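It should be emphasised that the depicted structure is a prediction, and the values quoted were computed from it without experimental measurement.
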Amino acid sequence: MADKITVILPDKSKKEYKKGITVSDILKDIDSELAENALAAKMNGEIVDLSKNINEDSEIEILSFDSEVGKKVFWHSTSHVMAQAVQNLFPETKLAIGPSIEEGFYYDFDKKEPFTPDDLEKIEQGMQEIVKENQPFVRKEIPKSEAIKFFKEKGEKYKLEIISDLEDEKVILYQHDDFVDLCKGPHVPFTGVIKNFKLTSIAGAYWKGSEKNPMLQRIYGISFPSKEELDEYLKRMEEIKKRDHRTLGRELELFSILDEVGPGLVLWHPKGAQIRRVIEDFWVEEHQKNGYQLIYTPHIARLHLWEKSGHTGFYQEYMYSPMVVENEAYQLKPMNCPFHILIYKSKIRSYRDLPLKLAELGTCYRYERSGVLHGLMRVRGFTMDDAHLFCKPDQLEEEVLKLLDFSLSILRTLGFEKYEIYLSTRPDKFIGDPQNWEKATQALRQALEKDNLQFQVDEGGGAFYGPKIDIKIIDAMGRAWQCTTIQFDFNIPERFDLTFVGQDGKFYRPIMIHRALLGSLERFFGVLIEHYAGAFPLWLSPVQIVVLPITDEQNLYSAEIKNRLQGEGFRVELDDRNEKINYKIREAEKEKIPYMFIIGKKEVQNKSVSVRKHKQGDLGEFDVEEIIVKLKQEVKNKSSQ
RNA sequence: GCUGGAGUAGCUCAGUCGGUAGAGCAGGGGUUUUGUAAACCUCAGGUCGUGGGUUCGAUUCCCUCCUCCAGCUCCA
């Protein structure tokens with residue numbers, strides 16, 4: 001029967017239909033609820049519109065907003081609706097591209113006058129009207145020449161440029177209402193599906209991302225099937241804004257970056273410095289436990305050293321200009337490795353010395369383009385938690401395995417439980433022996449597999465001097481931040497002619513691994529602030545306990561308690577100002593101090609304290625010794641609660 | 001670096017169609033002696049980002065520079 005086809009439905013059952021039936025007809029036939037949420041479909045693995053005709057035996061899958069692809073289709077369609085609204089309001093505007101992105105969509109426009117926030121509102125209103133019309137998205141396939149003619153008439157020069165890059169002789173257009181756009185689709189069936197959207201920001205963007213091309217205006221937006229989801233998204237954005245480490249850094253007196261000092265240069269205030277100290281102490285202790293030797297190296301060195309290491313070549317654009325002292329050029333260090341290498345080279349190394357692990361909290365300076373600086377996240381002066389491991393080739397896998405465990409345990413202790421891990425392999429341009437590359441990449445891969453860690457492979461994403469593993473931590477808001485990096489280096493050991501003496505008395509070249517766990521302390525601190533929203537766990541908190549006498553009659557006893565706590569190693573403050581207890585509590589809450597010890601008549605009499613925990617409230621009256629033991633335990637555990 | 005936006009007291013912001021500026025919070029002094037998120041009174045605080053120009057006069061208008069904010073392929 002030539003006019004019948006068999007379709008495997010989403011529930012894997014088979015059913016016969018007439019040839020040419022559309023996906024949405026089938027959906028109506030099988031399950032009305034499924035059809036309602038459907039945005040697009042997968043037919044034999046290919047993503048298609050719901051209006052697609054099925055002409056052969058097929059398997060279909062439904063794509064709703066719950067799927068990654070469904071979301072992309074939804075957002076992409078929203079960008080078309082936005083583009084129509086923009087051209088309705090500003091007919092002279094030319095279209096560039098309008099894809100979906102990780103969260104939402106954008107469309108790039110060429111328009112003389114910049115868009116204003118008022119324009120955004122007008123565009124949103126225009127979109128509302130388009131959505132109300134509930135027009136179908138219609139797919140059209142036309143010959144390339146016809147498409148060129150069509151866009152030429154409209155003066156859409158960017159579309160013409162895109163078409164000229166296309167290899168197919170057929171071009172796909174999508175139309176809804178009277179708006180036609182070059183687009184491979186697919187799209188949602190009707191504009192009416194997109195009811196809940198918000199245009200979030202305007203920004204400049206280069207055509208095809210190149211600075212040499214003209215600057216376009218980009219409008220970003222987001223959309224959802226339901227109002228609840230949109231509201232939730234907007235609420236999340238607000239929460240992220242509230243957690244901004246730049247705001248919290250000022251409010252909590254953690255750090256500052258001042259004009260007078262210079263862009264990207266951080267002043268760590270006492271409270272921020274206290275947190276950093278705790279992290280550093282923890283870091284040092286862990287490194288010593290794990291066989292690292294700690295070193296210190298200078299901030300500058302003769303330019304010659306950087307020539308030898310190759311940095312003046314491949315890293316030039318990130319380096320501050322050299323300074324000349326006594327007719328000799330000196331370079332502010334962008335990295336620590338040359339120093340570590342010279343320490344390695346300071347004597348003849350035996351295979352017995354390997355692996356040699358040198359670690360340093362080394363402060364580096366890099367010239368970052370002014371436009372990319374951002375609070376603590378991207379700075380010009382920063383401290384790397386750096387280490388270099390010098391290994392025999394047969395030690396690689398074990399050392400990588402140890403490194404992974406070590407990194408993850410430190411990140412976990414600091415409050416990060418979720419990660420994204422990437423393995424980057426050999427790029428097209430590389431140096432070193434391909435066999436070594438292979439060995440090193442294998443060592444990285446096997447270590448990841450042995451540890452049962454999920455990872456993605458970035459083929460060709462390694463540096464020219466070696467493959468690497470990157471770990472991104474996922475913060476409380478679900479955002480990923482690159483911190484840990486474990487990189488092989490086949491370049492520098494060559495350049496410095498590193499060797500070790502093997503068992504047979506001959507010289508061999510060690511393999512070197514660079515690694516940073518937290519990345520830079522500045523950046524990591526920024527992430528940490530946003531992760532905890534400034535409310536640090538007890539072990540990290542700059543002020544751990546504040547003692548609050550209710551009236552000045554309790555000041556003496558309160559001072560005793562404060563001294564007692566201080567003697568036990570806690571970071572304590574006493575707030576004996578002439579203020580009401582409510583006022584003092586409010587301040588302590590705003591400062592996000594983990595514990596408040598409130599002391600009134602009753603507590604003095606009972607030789608006790610009333611304990612209030614940040615954000616949780618009154619925990620009741622405690623015996624002083626009892627609460628000291630309890631909190632000491634909390635610090636010792638580095639509990640992230 | 002580029003495009004757009006912004007820079008007024010420690011912070012958040014108002015204001016001046018050109019005549020050198022205000023509010024709340026924070027800070028100082030006082031009154032009050034207070035039981036789990038803001039008591040009351042009072043005082044002090046600013047070269048209005050920088051340098052220049054126009055003007056009798058600029059924080060305001062114009063230009064330069066600095067800094068900050070958003071973004072700068074996630075490719076129909």
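- Using atom C1' as the reference point in both B:G27 and B:A44, the two lie 9 Å apart (nearest Å).
- Contacts between residues 312-320 of chain A and RNA chain B, defined by a heavy-atom separation below 4.0 Å, involve no residue at all.
- For A:Glu121, the salt bridge (Lys or Arg N to Asp or Glu O under 4.0 Å) criterion is met by no residue, not counting sequence neighbours.
- With a glycosidic angle further than 90° from 0, B:G51 counts as anti.
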Does the side-chain contact (heavy atoms from CB on, under 4.5 Å) test come out yes or no for A:Ile545 and A:Val543, once each step is laid out? CA-CA 6 Å; A:Ile545 304 165; A:Val543 179; over 6 Å; no
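- Residues satisfying the salt bridge (Lys or Arg N to Asp or Glu O under 4.0 Å) test with A:Glu239, not counting sequence neighbours, are A:Lys242, A:Arg243.
- Residues meeting the side-chain contact (heavy atoms from CB on, under 4.5 Å) test with A:Asn582, sequence neighbours left out: none.
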Grab the N/O contacts between the protein and nucleotides 8-12 of chain B below 3.5 Å, and write none if there aren't any.
from, atom 1, to, atom 2, distance (Å)
B:U12, OP1, A:Arg250, NH2, 3.1

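- Under the side-chain contact (heavy atoms from CB on, under 4.5 Å) criterion, A:Ala41 pairs with A:Val23, A:Val48, A:Leu50, sequence neighbours left out.
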Summary of protein contacts for nucleotides 36-42 of chain B, nucleotide by nucleotide, where a base hit scores B, a sugar-phosphate-only hit scores S (4.0 Å, heavy atoms): BBBB---
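- B:U31 sits 45 Å from B:C69 when the C1' atoms are compared, rounded to a whole Å.
- For A:Arg380, there are no salt bridge (Lys or Arg N to Asp or Glu O under 4.0 Å) partners two or more places apart in sequence or in a different chain.
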Apply side-chain hydrogen bond (donor to acceptor under 3.5 Å, both in side chains) to the pair A:Asp177 and A:Gln84, showing each step before the final yes or no. CA-CA 9 Å; A:Asp177 213 345; A:Gln84 185 191 5; 3.3 Å; yes
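- Here the side chains of A:Tyr422 and A:Phe455 are not in contact, with every heavy-atom distance at 4.5 Å or above.
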Take nucleotides 64-76 of chain B nucleotide by nucleotide from the 5' end and write B, S or -, depending on whether a protein heavy atom sits under 4.0 Å from the base, only from the sugar-phosphate, or from neither. ---SSSSBBBBSB
Donor-acceptor pairs under 3.5 Å, side chain of residues 593-602 of chain A to any protein atom, not counting sequence neighbours: which ones?
from, atom 1, to, atom 2, distance (Å)
A:Tyr595, OH, A:Lys613, NZ, 3.3
A:Tyr595, OH, A:Glu634, OE1, 2.7
A:Tyr595, OH, A:Glu634, OE2, 3.4

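- Evaluation of the salt bridge (Lys or Arg N to Asp or Glu O under 4.0 Å) rule for A:Glu141 yields A:Arg139, A:Lys170 as partners, not counting sequence neighbours.
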With pairs defined as Watson-Crick or G-U wobble and both distances under 3.5 angstrom, please note down RNA chain B as a dot-bracket string, | for pairing with another strand. (((((((..((((.....[..)))).(((((.......))))).....(.(((..]....))).))))))))....
